[in-house]
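What follows is a short report on a single structure.
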Amino acid sequence: MTEPLFKGMEGVFIPVKHPAASMKWYEDILGFKHIYCEDDAAVMRIGVESQTVICLVKTKDHQAMRFPDNSFGVGKYYNFIPAKPIEDVHAYLQSMNVRVERIDGDGDTRFFTFYDPDGNPLGVCQ
């Protein structure tokens, strides 16, 4: 097949303890836009131009996402593309008391991991 079957991703699902509380954090800290919230899930858009929605799903016996051990060095499922230089995003998250790891990579590819209040690792890659 020479043509791709897909043109993007519609949704990303993240397990959380309390969708409404998580939604507030994703709004206040990351700037995501609220679409709707109910007891079992909160749905948000990364930004007005993004097709992809983020669905914060209430889970029973919550456990943070954990990527299986691997030799590639990946420890998270998702990387977000920063709207500003990666150093600025990193510094901002630190200033908001978000748990962040150091910036890694070299050349044009640089990345870091940060954690939401439920302990889910999320990435930023530039």
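Model, not experiment: these values are computed from the prediction. Worth knowing before you read on, the calculation uses all heavy atoms, side chains too, and leaves out hydrogens, waters and symmetry mates.
Side chains of Ile29 and Phe114 form no contact here, defined as non-hydrogen atoms less than 4.5 Å apart. Between Tyr78 and Ile54 the shortest side-chain heavy-atom distance does not fall below 4.5 Å. Taking the side chain as every heavy atom from C-beta outward, Asp39 and Lys58 never approach each other to under 4.5 Å.
The hydrophobic cluster around Tyr115 extends to none of the other residues, as no ILVMFWY side-chain heavy atom falls under 4.5 Å of it. The hydrophobic cluster around Phe111 extends to none of the other residues, as no ILVMFWY side-chain heavy atom falls under 4.5 Å of it. Within the hydrophobic cluster formed by Ile, Leu, Val, Met, Phe, Trp and Tyr side chains joined at under 4.5 Å, directly or through other members, Val43 is accompanied by Ile35, Tyr36, Val53. Phe13 shares a hydrophobic cluster with Val57; the chain of contacts runs through ILVMFWY side chains whose heavy atoms sit under 4.5 Å apart.
Judged as a salt bridge (charged side-chain N to carboxylate O under 4.0 Å, His left out), the pairs with a partner in residues 87-97 (not counting sequence neighbours) are, in order, Glu87-Arg110.
Considering only residues two or more places apart in sequence or on other chains, Phe32 meets the ring-ring contact (aromatic ring centres under 6.0 Å, His included) condition with Tyr26, Phe80. With sequence neighbours left out, Thr52 forms a side-chain contact (heavy atoms from CB on, under 4.5 Å) with Met9, Val12, Ile46, Ser50. Contacts of His34 classified as side chain to side chain donor-acceptor pair (under 3.5 Å), with partners at least two apart in sequence or in another chain: none. Remark: Asp28 engages Lys24 in a side chain to side chain donor-acceptor pair (under 3.5 Å) (not counting sequence neighbours). The salt bridge (Lys or Arg N to Asp or Glu O under 4.0 Å) check on Glu27 picks up nothing, with sequence neighbours excluded. Not counting sequence neighbours, the partners of Tyr77 by the ring-ring contact (aromatic ring centres under 6.0 Å, His included) test are Phe67.
The minimum heavy-atom distance between His90 and Val100, with the atom names listed, is NE2-CG2, 3.7 Å. Taking both residues in full, the closest heavy atoms of Glu101 and Phe112 are given as O-CB, 3.7 Å, listed atom of the first, atom of the second, then distance. A pairwise comparison of heavy atoms in Ala42 and Met23 identifies CB-CB, 3.8 Å as the closest pair.
In this structure, Thr113 OG1 and Ile103 CD1 are separated by 11.5 Å, a value rounded to the nearest 0.5 Å.
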Let me check something: any side-chain donor-acceptor pairs from residues 117-126 under 3.5 Å, sequence neighbours excluded? List them with distances.
residue: Asp118; atom: OD1; partner: Lys17; partner atom: N; Å: 3.3
residue: Asp118; atom: OD2; partner: Ser22; partner atom: OG; Å: 3.0
residue: Asn120; atom: OD1; partner: Met65; partner atom: N; Å: 2.8
residue: Asn120; atom: ND2; partner: Pro15; partner atom: O; Å: 2.7
residue: Asn120; atom: ND2; partner: Asp116; partner atom: OD1; Å: 3.4
residue: Asn120; atom: ND2; partner: Asp116; partner atom: OD2; Å: 3.0
residue: Gln126; atom: OE1; partner: Ile86; partner atom: N; Å: 2.8

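More than 12 heavy-atom neighbours from other residues, nucleotides or ligands sit within 6.0 angstrom of CD on Glu38.
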